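Everything numeric in this text was worked out from a predicted model, so none of it was measured.
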Number of protein chains: 2
Amino acid sequence: MSHSGTSQARRADARQNVEKILDAAITSLSRNADASVSEIAQAAGVGRVTLYGHFPTRDALIEAALVRVISEGEAVLAKLDLSGDPRRALRVLIESSWLLIARASAVLAAAQTALPPGRVHQLHAEPAQRVDELIRRGQAEGAFRDDHPVTWLTSVLHHLLKGAAVDVANGLLAQADAPRLIAETVLAAYTRADT
Amino acid sequence: MSHSGTSQARRADARQNVEKILDAAITSLSRNADASVSEIAQAAGVGRVTLYGHFPTRDALIEAALVRVISEGEAVLAKLDLSGDPRRALRVLIESSWLLIARASAVLAAAQTALPPGRVHQLHAEPAQRVDELIRRGQAEGAFRDDHPVTWLTSVLHHLLKGAAVDVANGLLAQADAPRLIAETVLAAYTRADT
DNA sequence: GGTAAGTTGAACAGTGCTGTTCGAGTTGCA
DNA sequence: TGCAACTCGAACAGCACTGTTCAACTTACC
């Protein structure tokens, strides 16, 4: 029952419960950024005490959920072929990962208030850099506008993804339409307007 | 001391305190979406009991703050000349009101979790429609792309404004650069990209 | 089948919040 | 000057949550 350690020789159901809890944490935190531990435990179909058996504190649970959702995102990102035309690459990136990224940014927001400042950015740094490089390359090749700083362009991508997720959650936007609209909008935003 | 009523014959310092409280509520909620009543009272330089003297409940306070920040926005919006070239109008709209709108959306987010669902949208409907009409007109005149639904275009504007505010708060974006970047990005996003 | 590992609800202490009451102190205003 | 309006801190009850303990239970695994 000792939480973590070197993660060895745990009984099958224990490991399974950790998974269930993390899943429940991610979806619960997505719906409500300050979901209670009881709420998450219930969503996981597990007793509250069991949860505390695996995670010493609520913050630790949130951090674990964040790590998980980020590594999920990393896994998807790593599989993608982001070489070649930057505009195509960006489209691929958005269309194949927008749901995951939406989940991620929901948990990210939840973590932002619960974890020490900087910790989130630290965990998020690696996958973020991958996107960063794509955009930088796009600028260098003349595919994306270079009159805006990279940080702003990545920010735009981030906010539009997150915003679209919010819209879907609020029923203002259909799941199916989202990826296309996001991709077209981001590509347009990355292009200098004539006027 | 009776809260509200027909808002008459209140002593000067009382009215003044209500103002101080609302101001403090707006700025406090902008920093922290679930700021406590004590926090807000302290920020207003007022006792907690005094605050409860003016607002019966935390939710009532939040609603009042929302009403106030929205009407502030309305006041700014109403003063603007949004006729003529839609692209120019949109630029004017963003540059002259982005700070206010940022404040508004922060409080809006805070209210979203504290007020009954629909209430926020209800209060927000009027000023939102004004922007709606501008975008609709822009589409009709061929100034904005019409292959995306109006709801999405307004959403894009909304999310970019809010996102920029977050970036500024996090030190990722300079106050001074924000309006220009937002305006140029939104205008680009409203323009069909060649590719 | 036996045993250690894991789960569970009940119950506890501690904390921080909301909203209220009270009594004493200030202060606008006529 | 006087009084009602207002403010204020202290202190209260109620609630929800976080973590912890315990003793009984089920279950994976050899």
Side-chain angles (χ1 to χ4, degrees), chain A residues 1-25 28-29 31-66 110-116, chain B residues 1-25 28-29 31-66 110-116:
Chain A
M1 187 184 291
S2 65
H3 9 82
S4 63
T6 30
S7 74
Q8 224 77 13
R10 299 226 292 267
R11 243 170 58 176
D13 56 347
R15 259 176 292 128
Q16 207 171 359
N17 273 342
V18 172
E19 296 304 304
K20 283 199 293 181
I21 291 171
L22 285 176
D23 274 351
S28 293
L29 289 174
R31 265 198 303 274
N32 175 9
D34 39 34
S36 72
V37 173
S38 314
E39 222 170 313
I40 295 174
Q42 190 169 2
V46 133
R48 201 168 61 97
V49 187
T50 303
L51 191 155
Y52 276 111
H54 291 295
F55 302 94
T57 168
R58 184 177 180 275
D59 288 2
L61 169 60
I62 290 182
E63 174 156 340
L66 181 60
Q112 203 87 32
T113 69
L115 266 44
Chain B
M1 188 184 290
S2 64
H3 8 82
S4 62
T6 30
S7 73
Q8 223 77 12
R10 300 225 291 265
R11 243 171 58 178
D13 57 346
R15 257 176 293 129
Q16 207 171 359
N17 273 343
V18 172
E19 296 303 305
K20 284 199 292 183
I21 291 170
L22 285 177
D23 274 352
S28 293
L29 289 173
R31 266 199 302 275
N32 175 8
D34 39 34
S36 71
V37 172
S38 315
E39 224 170 310
I40 295 174
Q42 191 168 2
V46 134
R48 202 168 62 95
V49 187
T50 302
L51 192 155
Y52 276 111
H54 292 296
F55 302 94
T57 167
R58 185 177 180 274
D59 288 0
L61 170 60
I62 290 183
E63 174 156 339
L66 181 61
Q112 204 85 33
T113 69
L115 265 44

Separation of atom CG in A:Leu61 from atom C1' in D:dG19, rounded to whole Å: 14 Å
Whole-Å distance separating the CG atom of B:Asp13 from the C1' atom of D:dT7: 8 Å
Flag side-chain contact, heavy atom, 4.5 Å: A:Val37 against A:Tyr52: yes
Candidate nucleotides C:dT20, D:dT20, D:dC17, ranked by approach to the side chain of B:Tyr52 - the nearest: C:dT20
Value in whole Å for how far the P atom of C:dC17 lies from CD of B:Gln42: 11 Å
Touch class at under 4.0 angstrom, heavy-atom based, for A:Thr50 against every strand present: base
Whole-Å distance separating the CD1 atom of A:Ile40 from the C1' atom of D:dG19: 15 Å
Closest listed nucleotide, where the reference is the side chain of B:Val49 and the choices are D:dC29, C:dC22, C:dG28: C:dC22
Side-chain heavy-atom pair A:Ile40, A:Val46 within 4.5 angstrom cut-off: no
Nucleotide nearest B:Ala14 when distance is taken to its side chain, options D:dT18, D:dT7, D:dT21: D:dT7
Separation of C:dT27 P from B:Arg15 CZ (nearest whole Å): 18 Å
Presence of B:His54 side-chain N/O under 4.0 Å of D:dT7 phosphate oxygens OP1/OP2: yes
Residue A:Arg58, side-chain atoms from C-beta onward, closest of D:dT18, D:dA28, D:dC22: D:dT18
A:Arg11 side-chain N/O to D:dC29 phosphate OP1/OP2 under 4.0 Å: no
Euclidean distance, atom CD of residue B:Gln16 to atom P of C:dT27 [Å, nearest integer]: 13 Å
B:Asn17 side chain near D:dC6 phosphate (N/O to OP1/OP2, under 4.0 Å): no
Residue pair A:Val18 / A:Arg10, side-chain heavy-atom distance below 4.5 Å: yes
Nearest-nucleotide pick for A:Ser38, side chain only, options being C:dG9, D:dT18, D:dG19: D:dT18
Whole-Å gap separating C1' (C:dG9) and CG (A:Leu51): 15 Å
Most 5' of B:Arg48 and B:Val18 on DNA chain D, judged by nearest nucleotide: B:Val18
Enclosure of A:Glu39 CD (heavy-atom neighbours >12, cutoff 6.0 Å): yes
Side chain proximity check, A:Thr113 to B:Asn32, heavy atoms < 4.5 angstrom: no
